[in-house]
Amino acid sequence: AAGVIQSPRHLIKEKRETATLKCYPIPRHDTVYWYQQGPGQDPQFLISFYEKMQSDKGSIPDRFSAQQFSDYHSELNMSSLELGDSALYFCASSYGQKTNYGYTFGSGTRLTVV
Amino acid sequence: AQKVTQAQTEISVVEKEDVTLDCVYETRDTTYYLFWYKQPPSGELVFLIRRNSFDEQNEISGRYSWNFQKSTSSFNFTITASQVVDSAVYFCALSEAGGGANNLFFGTGTRLTVIP
């Protein structure tokens, strides 16, 4: 079965650079969630989209922005990168806004800021 | 406010031993969902189980079993006859359906090491 696809798998950027992470949800899933997991930390919710509209917002820095496109894929844009942004970024998708069914997570993008 | 506590930071067991990972949660909602995820060294988050607040039946799936007790707000996870491949970080998570939030709150995880 198709899963959530994230690209790239690994990304190395320098401080103050910009990064764009992409997420392709499971076909027919209309909701996308982004999570950030720092080293040794639990995943923290950043933001979610339902039907191309932002549906919920967590601890996402102002330097980050995201959107969901007409084909339901989502992109997380991160500007003015800081060393503390080094983390594993997960995307998950679901059908509908509620997590009743549970999420399916992608394999994550490991961002390293040097 | 919601909270998930996994008091065990790290556990080591010898292969074939049974091990229980504890999870205690807090929520004001009467309708909520609990999850367990496995994060192997490769990093991905693997869904293991979902349980809603109205279903207190224990569940068994192969060597895995889950014990949900609302009276103690606990959702513990037991691995029977552990194997080296079980070595991973395990996260317990909570979702509150009634409050309208559509995100997961994770515990801090328990790192399980199974020694051959």
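Keep in mind that what you see is a predicted model, and the values were worked out from it rather than measured.
Contact record, B:Leu45 with A:Pro43: CD1-CG, 4.1 Å, taken as the closest heavy-atom pair. Contact between A:Gln37 and B:Phe91 at its shortest, heavy atoms only, is NE2-CZ, 3.3 Å. Taking every heavy atom of both residues into account, B:Gly107 and A:Asp42 meet most closely at O-CB, 2.9 Å.
Few gaps surround CG on A:Asp71; more than 12 heavy atoms of other groups in view lie less than 6.0 Å from it. For CD1 of B:Ile60, the number of neighbouring non-hydrogen atoms (other residues, nucleotides, ligands) closer than 6.0 Å is 12 at most. Residue-environment remark: NZ (A:Lys22) stays at or below the threshold of 12 foreign heavy atoms within 6.0 Å. Applying the 6.0 Å contact sphere to NZ of A:Lys57 captures no more than 12 heavy atoms from other residues, nucleotides or ligands. Environment of CD1 in B:Ile115: crowded, with over 12 heavy atoms of neighbouring residues, nucleotides or ligands closer than 6.0 Å.
For A:Gln6, no part sits under 4.5 Å from any heavy atom of chain B, backbone or side chain. If you measure heavy-atom distances from B:Phe106 to chain A, the contacts under 4.5 Å come from both the backbone and the side chain.
Here the CG-OH distance, from B:Leu104 to A:Tyr33, works out to 8.0 Å after rounding to the nearest 0.5 Å. Interatomic distance, CZ of B:Phe105 versus CZ of A:Phe45, reported as 8.5 Å (0.5 Å rounding).
Counting heavy atoms from C-beta outward, B:Gln39 and A:Phe105 have side chains that stay 4.5 Å or more apart.
No continuous path of ILVMFWY side-chain contacts below 4.5 Å connects A:Trp34 to A:Ile26, so the two sit in separate hydrophobic clusters.
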